[in-house]
Amino acid sequence: MRRAIAMALENVRSRRGGPFAALITKDARVVAAGTNIVTATNDPTAHAEIVAIREACRVLRNFQLAGCDLYTTCEPCPMCLGAIYWARPARVYYASVAADAAEAGFDDAFIYDELKRAPESRSIPMIPLLGEEALAVFALWKREPNKARY
């Protein structure tokens with residue numbers, strides 16, 4: 001965790017991105033690391049955890065992180081939490097909590113509120129379109145004998 005905190009400090013000092021960093025370990029060795037590079041890359045998904053997960057999956061040649069631990073300098077936001085659950089590491093260790101991030105201007109409480117609303121009631125309208133036609137894709141997937149389950 002100290003290494004992740006040092007990375008986050010350097011990320012702020014270098015003005016490369018936000019005050020967040022993450023490491024992924026397996027068998028007591030660091031497999032991947034990432035810092036928040038949202039503004040440096042103009043990528044709103046480039047949070048530290050996402051960057052680290054992408055790199056760890058590339059290094060390990062697997063879309064899941066079985067047997068890995070994720071260390072992150074702050075309690076994960078909703079997007080990162082979703083990615084963590086999809087990646088399935090063994091454990092997540094975090095330093096600061098969401099309230100600390102909110103105090104620094106990174107408040108994601110509104111996203112949790114939005115998730116509780118019906119899609120048509122969200123602040124960004126979610127409008128169903130061509131749902132029946134899209135079911136053909138799932139029908140084809142169901143028949144695919146060699147699909148990779150995740």
Side-chain angles (χ1 to χ4, degrees), residues 1-131 134-135 137-138 141 147-150:
M1 185 63 78
R2 285 188 180 98
R3 181 171 169 185
I5 293 168
M7 289 171 51
L9 284 167
E10 177 55 31
N11 206 45
V12 173
R13 287 183 182 125
S14 70
R15 296 191 173 136
R16 184 160 159 75
F20 306 98
L23 298 169
I24 296 174
T25 64
K26 185 167 187 166
D27 301 325
R29 71 175 181 88
V30 175
V31 174
T35 58
N36 176 292
I37 53 173
V38 169
T39 56
T41 60
N42 294 316
D43 179 355
T45 69
H47 289 201
E49 297 92 335
I50 303 290
V51 172
I53 288 168
R54 287 176 179 159
E55 179 63 11
C57 288
R58 187 190 68 75
V59 166
L60 297 172
R61 296 181 168 176
N62 200 316
F63 57 87
Q64 294 186 338
L65 299 175
C68 293
D69 291 329
L70 189 150
Y71 294 82
T72 181
T73 56
C74 190
E75 182 179 2
C77 75
M79 176 183 67
C80 292
L81 190 59
I84 288 165
Y85 275 98
W86 281 114
R88 295 178 175 90
R91 283 169 295 278
V92 174
Y93 298 94
Y94 61 92
S96 302
V97 297
D100 299 323
E103 172 74 20
F106 297 92
D107 191 358
D108 53 20
F110 78 96
I111 297 173
Y112 288 107
D113 293 339
E114 286 287 300
L115 290 171
K116 295 173 193 169
R117 296 171 153 225
E120 65 277 4
S121 299
R122 293 179 180 153
S123 63
I124 298 175
M126 305 282 164
I127 304 157
L129 183 64
L130 299 177
L135 290 176
V137 180
F138 288 121
W141 175 256
K147 60 185 159 233
R149 295 195 181 271
Y150 59 96

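Bear in mind that the values here come from a model prediction, so they are computed numbers and not experimental data.
Summarising the geometry of Ala87 relative to Ile53, their closest heavy-atom pair is CB-CG2, 4.0 Å, with the distance given to 0.1 Å. Thr73 approaches Ala95 most closely through the heavy-atom pair O-CB, 3.4 Å. Shortest non-hydrogen contact noted between Cys68 and Leu60 is SG-CD1, 3.7 Å. Looking at every heavy atom in both residues, Ile84 comes nearest to Pro76 through CD1-CG, 3.6 Å. Here the closest non-hydrogen pair linking Thr41 and Ile37 is OG1-O, 2.6 Å. Between Pro89 and Val92, the shortest heavy-atom distance links the atoms CG-CG2, 4.3 Å.
When side chains are defined from C-beta on, Thr35 does not count as touching Glu10, because their heavy atoms never get closer than 4.5 Å. Counting only heavy atoms from C-beta outward, the side chains of Cys57 and Leu65 approach each other to under 4.5 Å.
A 6.0 Å sphere centred on CZ of Arg88 holds more than 12 heavy atoms belonging to other residues, nucleotides or ligands. By the neighbour-count criterion of 12 heavy atoms within 6.0 Å, atom CZ of Phe106 is densely surrounded, having more than that number from other residues, nucleotides or ligands.
For the atom pair CE (Met79) and CD1 (Ile50), the distance works out to 4.5 Å, reported to the nearest 0.5 Å. To the nearest 0.5 Å, atoms CG (Leu70) and OH (Tyr93) are separated by 11.0 Å.
Side chain of Arg122 to main chain of Glu120: no donor-acceptor pair is present (N/O by atom type, distance under 3.5 Å, no hydrogens or angles).
Looking at residues two or more places apart in sequence or on another chain, you find a ring-ring contact (aromatic ring centres under 6.0 Å, His included) between Tyr150 and Phe63. Residues passing the side chain to side chain contact (heavy atoms under 4.5 Å, CB included) test with Leu135 are Glu132, Phe138, sequence neighbours excluded. Not counting sequence neighbours, the partners of Glu55 by the side chain to side chain contact (heavy atoms under 4.5 Å, CB included) test are Ala32, Arg58, Val59.
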Side-chain donor-acceptor pairs of residues 15-29 under 3.5 Å, sequence neighbours excluded:
| unit_1 | atom_1 | unit_2 | atom_2 | d |
| --- | --- | --- | --- | --- |
| Lys26 | NZ | Ala66 | O | 3.3 |

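Counting only residues at least two apart or in different chains, salt bridge (charged side-chain N to carboxylate O under 4.0 Å, His left out) contacts with residues 96-116 comprise Glu114-Arg117. Within the structure, every pair that satisfies the salt bridge (charged side-chain N to carboxylate O under 4.0 Å, His left out) test and touches residues 59-83, not counting sequence neighbours, is listed here: Asp69-Arg91.
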